[in-house]
**Q** 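Before I ask anything, here is the structure I am working with.
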Amino acid sequence: MWQVSDQKVRRRKLYEEVADKIESWIRVGHFQVGDRLPSERELMKTLGIGRTAVREALFALNRMGIIEVNSGGRAVVTRPDATVILGELSGVVNNLLRDPEGQRQFQDARQFWEAAVARRAATMASDADVEDLERYLLLNEKAISDPEEFARTDVAFHDRLAAICGNPLFNALNGTLAEWLTEQRLTSLRKKETAARAFKSHQRIFDAIRRRDPDAAEKAMNAHLAEVSETYWNALRQAG
């Protein structure tokens with residue numbers, strides 16, 4: 001017979017039930033984006049609950065990007081932002097990144113994703129996009145001797161590349177992946193020669209975008225991120 005010990009089922013908190021109820025009102029269309037929700041007092045009366053549960057429910061929905069809570073005013077229904085949605089995954093992601101295999105999986109996912117972004121950008125880049133991307137590249141070059149500034153301009157270059165694709169979800173996912181892998185980027189940049197090599201890789205990616213060559217852009221990004229991953233693991237091994 002299957003045996004378990006102390007496996008208690010967690011009872012949902014009242015504010016979670018309230019948040020689900022309010023979210024269901026929004027989902028079925030009782031409240032549209034831009035509408036104000038009833039006041040806290042009205043919600044208390046309608047749902048037959050206390051102020052604390054209402055406030056905690058509103059704060060939970062605010063964190064999810066479903067509503068915006070303004071001090072002294074009624075909450076407003078908003079359209080969930082992709083960055084907020086992805087941010088909700090951070091706890092799970094951080095657990096995965098504690099494990100070397102989880103880190104490798106994220107590196108692989110990032111490489112697959114950004115190679116596809118580079119390919120798409122090469123087919124969509126306008127002259128203005130190329131000119132602006134070159135500006136980001138030059139800022140990255142100027143920061144080679146400053147690890148923190150180089151990391152910032154590195155992220156900015158990759159973000160601008162994603163923006164060429166014209167899809168806000170691409171921007172959000174690209175930025176969130178960069179945030180999740182910040183530790184890997186900073187660890188890699190502790191070696192003095194790493195920044196110079198990374199800049200050369202950025203230069204090759206840019207050249208492929210400027211030529212509108214999707215195959216070359218994808219190949220350059222794949223090579224760049226493969227080198228970043230190798231540098232990271234070498235740095236960890238050397239640090240013991």
Side-chain angles (χ1 to χ4, degrees), residues 86 90 93-94 96-122 125 129-165 170-240:
L86 291 168
S90 292
V93 170
N94 287 334
L96 288 172
L97 290 174
R98 292 193 185 103
D99 178 71
E101 184 58 30
Q103 292 186 40
R104 288 189 175 91
Q105 290 169 357
F106 269 90
Q107 287 172 334
D108 183 49
R110 182 195 176 196
Q111 184 172 333
F112 179 84
W113 161 254
E114 290 211 47
V117 166
R119 184 177 190 87
R120 172 77 70 87
D129 286 326
V130 171
E131 184 178 340
D132 200 35
L133 187 62
E134 185 173 25
R135 183 172 63 84
Y136 280 81
L137 180 68
L138 293 174
L139 290 173
N140 188 230
E141 182 180 24
K142 290 179 180 178
I144 286 177
S145 61
D146 183 340
E148 288 190 10
E149 182 63 9
F150 187 85
R152 189 189 69 77
T153 57
D154 182 347
V155 171
F157 175 81
H158 284 266
D159 283 349
R160 183 61 184 91
L161 191 63
I164 292 174
C165 298
F170 285 20
N171 297 37
L173 183 53
N174 210 69
T176 304
L177 277 172
E179 182 180 343
W180 288 339
L181 297 174
T182 295
E183 185 270 336
Q184 294 187 16
R185 175 179 278 101
L186 294 177
T187 297
S188 299
L189 288 173
R190 289 187 188 127
K191 295 176 69 70
K192 291 183 178 180
E193 67 274 15
T194 300
R197 289 205 309 268
F199 168 73
K200 290 294 185 184
S201 294
H202 291 162
Q203 201 167 35
R204 284 189 287 271
I205 294 166
F206 170 76
D207 287 341
I209 300 295
R210 181 169 53 187
R211 298 195 312 270
R212 277 45 171 210
D213 186 337
D215 290 338
E218 181 179 6
K219 182 179 179 180
M221 183 64 80
N222 266 319
H224 171 43
L225 295 182
E227 184 178 53
V228 168
S229 295
E230 183 180 1
T231 301
Y232 172 72
W233 292 109
N234 285 339
L236 286 187
R237 281 192 290 271
Q238 290 172 12

**Q** Which value, rounded to the nearest 0.5 Å, describes the distance between Asp154 atom CG and Phe199 atom CZ?
**A** 11.5 Å
**Q** Using salt bridge (Lys or Arg N to Asp or Glu O under 4.0 Å) as the criterion, list what pairs up with Glu193, not counting sequence neighbours.
**A** Lys191
**Q** List for me each residue that meets side-chain contact (heavy atoms from CB on, under 4.5 Å) alongside Arg210, sequence neighbours excluded, and say none if there are none.
**A** Val130, Glu134, Phe206, Asp207
**Q** Check side chain to side chain donor-acceptor pair (under 3.5 Å) between Tyr136 and all other residues, then give those that pass, not counting sequence neighbours.
**A** none
**Q** Calculate, to the nearest 0.5 Å, the distance between atoms CG and CG belonging to Asp132 and Leu161 respectively.
**A** 11.5 Å
**Q** Under the side-chain contact (heavy atoms from CB on, under 4.5 Å) rule, collect the residues that match up with Lys200, sequence neighbours excluded.
**A** Gln203, Arg204
**Q** Please list, chain by chain and in numerical order, all residues satisfying side-chain contact (heavy atoms from CB on, under 4.5 Å) with Ala217, sequence neighbours excluded.
**A** Ala118, Ala122, Ala208, Ile209
**Q** How many angstroms lie between atom CD of Glu141 and atom CZ of Phe150, to the nearest 0.5 angstrom?
**A** 10.0 Å
**Q** At their closest point, which heavy atom of Thr153 faces which heavy atom of Ala143, and how far apart are they?
**A** OG1-CB, 3.9 Å
**Q** Go through the structure and list residues passing salt bridge (Lys or Arg N to Asp or Glu O under 4.0 Å) with Asp213, not counting sequence neighbours.
**A** Arg211
**Q** Show your reasoning for whether side-chain contact (heavy atoms from CB on, under 4.5 Å) applies to Glu230 and Asn234.
**A** CA-CA 6 Å; Glu230 183 180 1; Asn234 285 339; 3.7 Å; yes
**Q** Could you state the interatomic distance from CH2 (Trp113) to CZ (Phe106), rounded to the nearest 0.5 Å?
**A** 14.0 Å
**Q** Mind checking the CD-CG spacing from Glu131 to Asp129? Nearest 0.5 Å is all I need.
**A** 10.0 Å
**Q** So, for Ala220 and Ile205, which heavy atoms are closest and what is the spacing to 0.1 Å?
**A** CB-CG1, 3.7 Å
**Q** If you look only at pairs with a residue in residues 209-228, which of them pass as a ring pair (Phe, Tyr, Trp, His ring centres under 6.0 Å), with sequence neighbours excluded?
**A** His158-His224, His202-His224
**Q** Go through the structure and list residues passing side chain to side chain donor-acceptor pair (under 3.5 Å) with Asp146, not counting sequence neighbours.
**A** none
**Q** Measuring from Arg160:CZ to Leu133:CG, what's the distance to the nearest 0.5 Å?
**A** 7.0 Å
**Q** Taking only residues two or more places apart in sequence, or in another chain, which ones meet Gln107 in a side chain to side chain donor-acceptor pair (under 3.5 Å)?
**A** Gln184, Trp233
**Q** Holding to salt bridge (Lys or Arg N to Asp or Glu O under 4.0 Å), I want the full list of residues that pass it with Arg197, two or more places apart in sequence or in another chain.
**A** Glu227
**Q** By salt bridge (Lys or Arg N to Asp or Glu O under 4.0 Å), which residues pair with Arg120, not counting sequence neighbours?
**A** none
**Q** Restricting to side chain to side chain donor-acceptor pair (under 3.5 Å), what partner residues turn up for Asn222, sequence neighbours left out?
**A** Gln111
